[in-house]
Amino acid sequence: KIVNDGGNGRRRAFFRRVTRPIIARVCSDGREPRMTMTSERSIAPDEPALEPRKSRKNNPEKTRENILQEAIVEFVQQGLSGARVDAIAERIHTSKRMIYYYFGSKEQLYVEVLEKLYGDIRSTESRLHLAELAPQEAIRRLVEFTFDHHDRNVDFVRIVSIENIHKAEYVKQSGVIKAMNNTILHALGEILERGAREGVFRGGLDPLDVHLLISSFCFYRVSNRHTFGEIFQIDLPDEGIKQRHREMICESVLRYLQA
């Protein structure tokens, strides 16, 4: 049956009501069975079938990364002892159970935060193409990168400072950190050997000593910026001072290495 819908020019088709009879079993007293009806259902022959709802897809790698990023914030602000898994869960709108599912414990989450932060600097170093540069230029690029990375990644400096308070207890639990940090010593050793062969660097240099020389200045300048800045009334984040210090550490390292 078709009716006019309120005079607005639209027309609507009523669903046809269809019922199915079901014959009841013969009653035990011999009475004639009655016809019963199933519940009515609406049928719209021309209406397309609804597509099944698509289930939400989980992305385990993205979930892990989100947890790690928020864990960095929590550990930087509260330290290992003061950090709360509840707070991390609240930040990413998930549950403690989900965090424990991926990481097992707060301590293991902290270890993986260390691995991520050390991994970030080491993986970026590997993309500097130091082996393609002349020895002196390779050292300059490495020093500049180290200076800039520490300056821009205060969280890395803070987490390493926290781990030193714990006497490297959690670094000891990670073979990954030790392995990945050996890569920079290997790369630095090759640069020093090339420089010695070409006569621009003196021989017998220890890559670990050179790495310590570079890292110590870059790290201290960030880790102690507040106390050092207040005591000596110097604004270390000032761009002019920053560039002066950047050039200073480059020249210091190169002069130490030169033949």
Side-chain angles (χ1 to χ4, degrees), residues 114-164 167-168 171-172 174-229 231-259:
L114 285 170
E115 292 175 349
K116 173 177 172 53
L117 293 176
Y118 273 110
D120 286 346
I121 186 172
R122 299 287 91 95
S123 64
T124 308
E125 284 171 344
S126 69
R127 297 194 295 272
L128 296 177
H129 305 290
L130 300 176
E132 302 172 12
L133 302 174
Q136 291 169 314
E137 184 60 30
I139 290 296
R140 176 172 286 276
R141 177 174 289 187
L142 178 61
V143 174
E144 290 175 345
F145 164 75
T146 305
F147 185 95
D148 293 342
H149 184 88
H150 284 69
D151 183 71
R152 296 168 183 167
N153 294 272
V154 180
D155 289 351
F156 170 72
V157 175
R158 174 68 174 162
I159 289 289
V160 173
S161 298
I162 291 170
E163 180 59 7
N164 274 279
K167 301 180 180 179
V171 166
K172 293 174 185 175
S174 174
V176 173
I177 293 176
K178 296 173 186 176
M180 70 174 64
N181 280 279
N182 284 333
T183 60
I184 185 57
L185 296 182
H186 179 72
L188 194 50
E190 288 186 338
I191 297 169
L192 297 176
E193 289 177 6
R194 283 196 293 121
R197 287 197 303 268
E198 296 176 18
V200 294
F201 294 158
R202 56 194 177 92
L205 293 165
D206 187 334
L208 183 58
D209 291 344
V210 179
H211 178 63
L212 177 62
L213 175 61
I214 298 169
S215 296
S216 58
F217 179 82
C218 298
F219 190 94
Y220 181 90
R221 193 180 177 281
V222 177
S223 65
N224 289 49
R225 62 171 52 176
H226 299 296
T227 52
F228 193 90
I231 291 170
F232 297 104
Q233 290 297 291
I234 182 173
D235 183 16
L236 291 174
D238 177 79
E239 196 62 34
I241 295 174
K242 187 188 302 182
Q243 292 305 315
R244 186 177 81 230
H245 287 172
R246 190 174 188 260
E247 183 61 25
M248 182 180 78
I249 186 60
C250 285
E251 289 298 318
S252 298
V253 173
L254 286 169
R255 290 185 185 186
Y256 172 71
L257 300 180
Q258 71 183 10

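We number each residue from 1, following the sequence as shown.
Remark: His186 engages Glu190 in a side chain to side chain donor-acceptor pair (under 3.5 Å) (not counting sequence neighbours). Not counting sequence neighbours, the partners of Ser174 by the side chain to side chain donor-acceptor pair (under 3.5 Å) test are Glu115. Applying the side chain to side chain donor-acceptor pair (under 3.5 Å) rule to Gln136 yields no partners; only residues at least two apart in sequence or on another chain are considered. Remark: Ser161 pairs with Val157, Phe219, Ser223 by the side chain to side chain contact (heavy atoms under 4.5 Å, CB included) rule, at least two apart or across chains. Not counting sequence neighbours, the partners of Glu251 by the side chain to side chain donor-acceptor pair (under 3.5 Å) test are Arg140. Under the side chain to side chain contact (heavy atoms under 4.5 Å, CB included) criterion, Asn164 pairs with Val160, sequence neighbours left out.
Every pair passing salt bridge (charged side-chain N to carboxylate O under 4.0 Å, His left out) that includes a residue from residues 147-156 is listed here, sequence neighbours excluded: Asp148-Arg246, Asp151-Arg221, Asp151-Arg225, Asp151-Lys242.
The aromatic rings of Phe228 and Tyr220 sit perpendicular to each other, their planes meeting at more than 60°, with 30° as the lower class boundary.
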N/O donor to acceptor pairs below 3.5 angstrom from side-chain atoms of residues 198-211, sequence neighbours left out:
unit_1, atom_1, unit_2, atom_2, d
Arg202, NE, Tyr256, O, 2.9
Arg202, NH2, Tyr256, O, 3.2
Asp206, OD1, Leu208, N, 2.9

Exercise answer: donor-acceptor pairs, residues 176-184 side-chain atoms, under 3.5 Å, sequence neighbours excluded:
unit_1, atom_1, unit_2, atom_2, d
Asn181, OD1, Arg122, NH1, 2.2
Asn181, ND2, Ile177, O, 2.7
Asn182, ND2, Lys178, O, 3.3
Thr183, OG1, Met180, O, 2.5

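Between the CD1 atom in Ile241 and the CZ atom in Arg244 there is a gap of 5.5 Å [rounded to 0.5 Å]. Taken to the nearest 0.5 Å, the CD1 atom of Ile249 stands 11.5 Å off from the CD atom of Glu144. Atom NE2 of His129 sits about 8.0 Å away from atom CZ of Arg141, to the nearest 0.5 Å.
A 4.5 Å side-chain heavy-atom check between Ile139 and Leu188 finds at least one atom pair inside the cut-off. Between Gln243 and Glu247 there is no side-chain heavy-atom pair separated by less than 4.5 Å.
Here the side chain of Ser215 pairs no donor or acceptor atom with the backbone of Leu212 at under 3.5 angstrom.
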Would Phe156 and Asp120 count as a side chain to side chain contact (heavy atoms under 4.5 Å, CB included) if you check the C-alpha gap in whole Å, the side-chain angles of each, and the deciding distance to 0.1 Å? CA-CA 9 Å; Phe156 170 72; Asp120 286 346; over 6 Å; no
